[in-house]
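As a basis for the values below, the full set of heavy atoms in this structure was taken, side chains included, without hydrogen atoms, waters or symmetry mates. To find a chain, count down the sequence lines: A is the first, B the second, and so on, and within it residues start at 1.
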2 protein chains.
Amino acid sequence: MVSAGYDERVETRELRYFVAVAEELHFGRAAQRLAMAQPPLSRAIQQLERRLGVVLLHRTARAIALTEAGSVLLREARTALDAVEAAERRTRRAAGDQPGVVLAAKAGASRELLSKLLDAYAAEPGSVAVEVMLCGPGEPEILLRTGRADVALLHRPYDTTAGFDTEDLHTEQQVVVLPKGHPLANRAHLSLVEVNAQTDLPLPRWPGRDGGHPDGPGPQVRDHTQLFQLIALGLACAVVPESLRDQLRDDHAIVPVPDAPAVTTVIAWPPHSRSKAVADLVRTATRL
Amino acid sequence: MVSAGYDERVETRELRYFVAVAEELHFGRAAQRLAMAQPPLSRAIQQLERRLGVVLLHRTARAIALTEAGSVLLREARTALDAVEAAERRTRRAAGDQPGVVLAAKAGASRELLSKLLDAYAAEPGSVAVEVMLCGPGEPEILLRTGRADVALLHRPYDTTAGFDTEDLHTEQQVVVLPKGHPLANRAHLSLVEVNAQTDLPLPRWPGRDGGHPDGPGPQVRDHTQLFQLIALGLACAVVPESLRDQLRDDHAIVPVPDAPAVTTVIAWPPHSRSKAVADLVRTATRL
DNA sequence: CACGACCAATACCCGTGCGGTATCGCCGCC
DNA sequence: GGCGGCGATACCGCACGGGTATTGGTCGTG
């Protein structure tokens, strides 16, 4: 009697399939996304459920929904798949000829700090080439988690630094950016509730992790350039860290918002990084 | 022309194989550990190398060694496999009927803090059953990383809290525990170098992550009970947090070691935990 | 109320690839 | 020089992943 009979181990393929189904909540579309037919996908999910001994989906012939366990697995599977992807990427890059590091940062944020950091690090003995990836909001975190970047500049509380090692570099207050000549523009300071209360200038909507924009009023925005242009046109306002004032044109006005949460720029890296270059970069950053 | 031809995606099976080979540095033993024959294992590693486009092992017909990329993959693969295992376990437990949490802590450490925490949490409204796993040094960290525990008490700097969210609970100095009547026992304090310099009482060797003990002098030790017994017998001494004095018998003597690093007890949990029970437990702990 | 649309599950088939046994090639060591 | 140890290669069989065709059940809808 060969007990159980099933192989208990879960494969990444199954996790990828499950994530696709859980996100689409539709076997057909998920199969399409995975470039495969629907029946094998159904079977694979059933097999996963058997392996785990757990019901992951409520099936009602008309639609499917995640069970409690299913939504736990969705979250866990994403981080597990990120870790696997990171393993691939970091291994590939460790074998690459050139030993550079990849630093991810939101385009436009902490511009001065970033250039000072790069200069200071380049002057260090034994420094290697730094490839800078400038990207949209929320992306540096994902790049770091999936091994596409070795180190990143993040901004609490906007970015979540959970799961990384970090060093605080700089803390600053936030300001609201208004079109020049706006009625509120000559106030000495504003509160968050006042900013939210005024309805003629909506707050912009940033894309989420999935790339989609949340619903609601306000223009969709992908980067600071877009944002500041929209503000200059009188179509939006936004609360941003005050260091962004460097990038404003004279058709903007800024007003401090003392009760908005302070923004801390941190340098973050994967907790088990053994790279000398990352360590040097972090040390340089903390000494700025 | 169907470009590449290989499936780029890495499966957990391959990672498990590689970890076994990298740890054993011997295909035969690794295959045995994996309960399979050696040839398929060789092939699987070659396939992994092709997939990644990277040489992972230096083969010299007599022995094998990790390349630079190989040791990167070993580290990354371990954390990725931990994440996959955590996904399985947390999903299984999310489907379980009883909604308890599992708390891991080193047996014997922070005994008083732990019992106060459990009492206080049990008194909270909406508290659930807490299963306490008392385990050896270094284990809570692994339990947390692989999803066997939901929350843990760790001790910096002994445990590495990298990759977890933590809250500091308590900081204390360390003391050296000596057999009663030892020549140094009546000193008001000792320095680390003095402790290391005296050679009649060796420091014990704790097991590493793999369960093996490092080489060197001194007795092998698995828990504090063993340790204190050895000390009482005059066969060892040890530097430990002072709160462990509760567990000493009167055949021990303790002397403060002011320059030993302070030990901070922290409560730690996986960064993306959404469990109300874990959140309540953490909140309770910080209020103690 | 019957019919069609929709969607997941089932039935069945085929090919790939994983794992097994047997063997080779290579190197170090009595 | 021969033997032993170890990884690679050769070859084979079967289990499993993936494909097509079809069923079954449940909504809308005329």
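A heavy-atom distance below 4.5 Å is not found between the side chains of I64(B) and H26(B). Inter-residue side-chain proximity for E23(B) and R29(B) is flagged as unmet; no heavy-atom pair is nearer than 4.5 Å.
Against DNA chain C, the stretch residues 63-73 of chain B makes no heavy-atom approach under 4.0 Å.
If you check distances only, the side chain of Q46(A) never reaches the base of dA9(C) with a donor-acceptor pair under 3.5 Å.
Atom CD of Q47(B) is separated from atom P of dT9(D) by 14 Å (rounded to the nearest Å). Taking atom CG of L34(B) as the reference point, atom P of dC18(C) lies 15 Å away to the nearest angstrom. Between the CZ atom of R29(A) and the C1' atom of dC7(C) there is a distance of 11 Å, given to the nearest Å. As rounded to whole Å, 17 Å separates atom C1' of dG7(D) from atom OH of Y17(B). With rounding to whole Å, R13(A) atom CZ is found 13 Å from dG17(C) atom P. Protein atom CZ of R50(A) is 12 Å distant from nucleotide atom P of dA9(C), rounded to whole Å. Rounded to an integer number of Å, the gap from I45(B) CD1 to dT9(D) P is 14 Å. Summarising the geometry, the separation between CZ on F27(B) and C1' on dC26(C) is reported as 15 Å, rounded to the nearest angstrom.
Contact annotation for E14(B): no contact, since no heavy-atom pair falls under 4.0 Å across all strands.
In this structure a side-chain-to-backbone donor-acceptor pair under 3.5 Å is present from R92(B) to L52(A).
Sorted by first and then second residue, the pairs that involve residues 126-143 of chain A and meet side-chain hydrogen bond (donor to acceptor under 3.5 Å, both in side chains), not counting sequence neighbours, are E141(A)-R145(A).
T12(A) and R16(A) share a donor-acceptor pair across their side chains, judged by distance under 3.5 Å alone. If you check the side chains of Q38(B) and S42(B), you find a donor sitting under 3.5 Å from an acceptor.
Distances shown here put a side-chain N or O of S42(B) below 4.0 Å from the OP1 or OP2 atom of dA8(D).
For A37(A), whose side chain is taken as the heavy atoms from C-beta onward, the closest listed nucleotide among dA8(C), dA10(D), dT20(D) is dT20(D). Considering only side-chain atoms of R59(A), the nucleotide from dA8(C), dG7(D), dT20(D) that sits closest is dA8(C).
When each of H26(B) and R43(A) is assigned the nucleotide of DNA chain D bearing its nearest heavy atom, the one mapping closer to the 5' terminus is H26(B).
Under 4.0 Å is where a charged nitrogen must lie from a carboxylate oxygen, and between K276(A) and D280(A) at least one such pair does.
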